[in-house]
A.B. asks: 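Please see the structure below; I have some questions.
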Amino acid sequence: MVLAILASALAMSLIVGVRYLIVSGAFAAATRARHPGLYTGLSPQIRREVAWSLASALIYGVPAGVVAWGWQNLGWTRIYADLHAFPLWYAPLSVVLYLVAHDTWFYWTHRWMHQPRLFKLAHAVHHDSRPPTAWAAMAFHPIEAISGAVIIPLLVFVIPIHIGCLGLVLATMTVMGVTNHMGWEVFPRFMWNGPLGRWLITASHHQRHHELYRGNYGLYFRFWDRLCGTDKGVGDFAKAHAQARLRQRRGGGVAVDAAGRGRDD
């Protein structure tokens, strides 16, 4: 049984790692096509982002693999495979519940990571990506990776969800994590600069977090930021793109913008 659990954990880590490489690689390729030169001179940073992200994938896979084994063999969790086990209207509702719960967890743990001691100990690893790239989505210190790895495995014991809906939640988590760090806005303007954008988080909102090192702590929704007075609005990518052009003119040298120290003030 122990070997089976270990095998499940390793398999899940492999899945998370491959998923990261495929999705981040695809969006990095899209960046090269849409904004050539945006990542010029960032090769050492990107290699560091990939290394930290693959280490995080190993950590993310452990609780997911253990829970997956328990679900398949012992009936753990409230994941269900029969779509009619709950009313059909519950399926989309369960996705919303998971996203709201995940966003809440992320907001408060992310804000906690910006306390000076924890920032220097752990979260600084993520903010070492200046500017962040499509490869930075999972570039976490192990302490931060653990805090992010446990929330979905915990939720499946509490909130019933269809296996397909859980896949949708995980896909949303992956895509938003990557696109929020690409250095340009992949979503239509109405999603980030219109009424809908007042509540949804895209790269334009998260970019401000990496510029200011404070505020804009949410993942999917701006609710907690707005409620707690930490919403710093949306930014633009003109500065990042100007720095990319400067790096190109200088032959690819990295221009570092040391903006802040991570303190929540």
A.B. asks: With a 3.5 Å distance limit and no angle check, can you tell me whether Tyr217 reaches the backbone of Phe106 through a side-chain donor-acceptor pair?
C.D. replies: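 Such a contact is absent between Tyr217 side chain and Phe106 backbone.
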A.B. asks: Taking all atoms of both residues into account, what is the closest heavy-atom pair of His102 and Ile151, and its distance?
C.D. replies: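 Closest pair (atom of His102, atom of Ile151, distance): CD2-CG2, 3.6 Å.
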A.B. asks: Give me each pair satisfying salt bridge (charged side-chain N to carboxylate O under 4.0 Å, His left out) with a member in residues 14-35, each pair once, sequence neighbours excluded.
C.D. replies: none
A.B. asks: Taking Ser53 for the side chain and Val50 for the main chain, is one N or O donor matched with an acceptor at less than 3.5 Å?
C.D. replies: no
A.B. asks: Looking at CD1 of Ile161 and CG of Leu166, how far apart are the two atoms once the value is rounded to the nearest 0.5 Å?
C.D. replies: 5.0 Å
A.B. asks: So, Thr230 and Tyr107: side-chain donor and acceptor under 3.5 Å apart, yes or no?
C.D. replies: yes
A.B. asks: Check the hydrophobic clustering (I, L, V, M, F, W, Y; side-chain heavy atoms under 4.5 Å; chains of links allowed) and say if Leu54 and Leu58 are grouped together.
C.D. replies: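 Different clusters.
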A.B. asks: Identify the two heavy atoms, one from Ala85 and one from Tyr80, that lie closest to each other, and give their separation to 0.1 Å.
C.D. replies: CB-CD1, 3.8 Å
A.B. asks: When you measure from the side chain of Asn216 to the backbone N and O of Gly233, does any donor-acceptor pair fall under 3.5 Å?
C.D. replies: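 Flag set: sc Asn216 to bb Gly233 pair under 3.5 Å.
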A.B. asks: Please name the pair of heavy atoms, one in His210 and one in Ser129, separated by the smallest distance, quoted to 0.1 Å.
C.D. replies: ND1-O, 4.3 Å
A.B. asks: Give the C-alpha distance, both sets of side-chain angles, the deciding distance and a yes or no for side chain to side chain contact (heavy atoms under 4.5 Å, CB included) between Trp135 and Arg48.
C.D. replies: CA-CA 9 Å; Trp135 298 100; Arg48 187 175 65 249; over 6 Å; no
A.B. asks: Are side-chain N/O atoms of His181 and His206 paired as donor and acceptor at under 3.5 Å?
C.D. replies: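 The answer is yes; a qualifying pair exists.
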A.B. asks: Parallel, tilted or perpendicular: which one describes the rings of His123 and His114, with boundaries at 30° and 60°?
C.D. replies: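 Perpendicular: the ring planes of His123 and His114 meet at over 60°.
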A.B. asks: Are any of the side-chain heavy atoms of Phe221 and Leu99 separated by less than 4.5 Å?
C.D. replies: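 Phe221 reaches Leu99 side chain to side chain.
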A.B. asks: Taking the side chain as C-beta and beyond, is there a heavy-atom pair between Ser204 and Phe237 under 4.5 Å?
C.D. replies: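 Yes, their side chains come closer than 4.5 Å.
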A.B. asks: Out of curiosity, does Phe190 fall in the hydrophobic cluster containing Phe187 (side-chain heavy atoms, cut-off under 4.5 Å, transitive links)?
C.D. replies: yes
A.B. asks: Test side chain to side chain contact (heavy atoms under 4.5 Å, CB included) on His162 and Phe86 and set out the steps.
C.D. replies: CA-CA 9 Å; His162 184 267; Phe86 286 81; over 6 Å; no
A.B. asks: Checking Ser24 side chain against Leu21 main chain: does a donor-acceptor pair fall under 3.5 Å?
C.D. replies: no
A.B. asks: Rounded at 0.5 Å granularity, tell me how far CG in Leu10 sits from CG in Leu3.
C.D. replies: 10.5 Å
A.B. asks: Do Leu155 and Ile152 have side-chain heavy atoms sitting under 4.5 Å apart?
C.D. replies: yes
A.B. asks: Please check if Val95 and Trp89 belong to a single hydrophobic cluster, counting links between Ile, Leu, Val, Met, Phe, Trp and Tyr side chain heavy atoms closer than 4.5 Å.
C.D. replies: yes
A.B. asks: What ring-ring contact (aromatic ring centres under 6.0 Å, His included) pairs are there with at least one residue in residues 42-63, not counting sequence neighbours?
C.D. replies: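 Matches after skipping sequence neighbours: none remain.
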A.B. asks: Would you indicate whether the side-chain heavy atoms of Leu42 and Pro131 approach each other to under 4.5 Å?
C.D. replies: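 Yes, at least one pair of side-chain atoms sits under 4.5 Å.
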A.B. asks: Rounded at 0.5 Å granularity, tell me how far CG in Asp82 sits from CD1 in Ile163.
C.D. replies: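 These two atoms lie 13.0 Å from each other.
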A.B. asks: Check the side chains of Thr133 and Glu49 for a donor-acceptor pair under 3.5 angstrom, ignoring hydrogens and angles.
C.D. replies: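 Thr133 and Glu49 do have a side-chain donor-acceptor pair below 3.5 Å.
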A.B. asks: When you measure from the side chain of Asn180 to the backbone N and O of Met176, does any donor-acceptor pair fall under 3.5 Å?
C.D. replies: yes
A.B. asks: I'd like a table of donor-acceptor pairs (distance under 3.5 Å, sequence neighbours excluded) in which one partner is a side-chain atom from residues 62-79, with atom names and distances.
C.D. replies:
residue, atom, partner, partner atom, Å
Trp71, NE1, Ile79, O, 3.3
Asn73, ND2, Trp69, O, 2.9
Thr77, OG1, Ile79, N, 3.2

A.B. asks: Can you find a heavy atom in the side chain of Tyr20 that is under 4.5 Å from one in the side chain of Val16?
C.D. replies: no
A.B. asks: Mind listing the closest non-hydrogen atom pair of Glu185 and Ala203 along with its distance?
C.D. replies: OE1-N, 3.5 Å
A.B. asks: Would you please say whether a donor-acceptor pair under 3.5 Å links the side chains of His126 and His110?
C.D. replies: no
A.B. asks: Could you tell me if Trp224 and Thr104 have a donor-acceptor pair between their side chains, going purely by distance under 3.5 Å?
C.D. replies: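 Per modelled atom types, Thr104 and Trp224 side chains form a pair under 3.5 Å.
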A.B. asks: Checking His141 against Ser56 for the side chain to side chain contact (heavy atoms under 4.5 Å, CB included) test, could you report, in this order, the C-alpha distance in whole Å, the side-chain angles of both residues, the deciding distance, and whether it holds?
C.D. replies: CA-CA 8 Å; His141 185 279; Ser56 294; over 6 Å; no
A.B. asks: Identify the two heavy atoms, one from Ala134 and one from Val178, that lie closest to each other, and give their separation to 0.1 Å.
C.D. replies: O-CG1, 3.6 Å
A.B. asks: When you group the ILVMFWY residues by side-chain heavy-atom contacts below 4.5 Å and let the links chain together, are Val96 and Ile201 in the same group?
C.D. replies: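 No.
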A.B. asks: Hey, does the side chain of Tyr98 reach the backbone of Leu93 with a donor-acceptor pair shorter than 3.5 angstrom?
C.D. replies: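 Side chain of Tyr98 to backbone of Leu93: no pair is present.
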A.B. asks: For residues Leu121 and Arg117, determine if any side-chain heavy atom of one lies less than 4.5 Å from a side-chain heavy atom of the other.
C.D. replies: no
A.B. asks: I'd like to check Tyr220 versus Leu200 (side-chain heavy atoms, cut-off strictly below 4.5 Å). Are they in contact?
C.D. replies: no
A.B. asks: When hydrophobic residues are tied together by side-chain contacts of less than 4.5 Å, even through go-betweens, does Val158 share a cluster with Leu154?
C.D. replies: yes
A.B. asks: For the atom pair OG1 (Thr40) and NE2 (His35), what is the distance rounded to the nearest 0.5 Å?
C.D. replies: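 NE2 of His35 is found 13.0 Å from OG1 of Thr40.
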A.B. asks: To check you understand the geometry: which heavy-atom pair defines the closest contact between Ser94 and Ala91, and what is its length?
C.D. replies: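 Nearest heavy atoms, Ser94 then Ala91: OG-O, 2.6 Å.
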A.B. asks: Report yes or no: do Tyr213 and His127 form a side-chain donor-acceptor pair below 3.5 Å?
C.D. replies: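 No, because no side-chain N or O of Tyr213 sits under 3.5 Å from a partner of the opposite role on His127.
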A.B. asks: So do the side chains of Lys232 and His209 get within less than 4.5 Å of each other, counting heavy atoms only?
C.D. replies: no
A.B. asks: Out of Arg208, Arg222, Arg198, which one pairs with Asp231 under the side-chain hydrogen bond (donor to acceptor under 3.5 Å, both in side chains) rule?
C.D. replies: Arg222
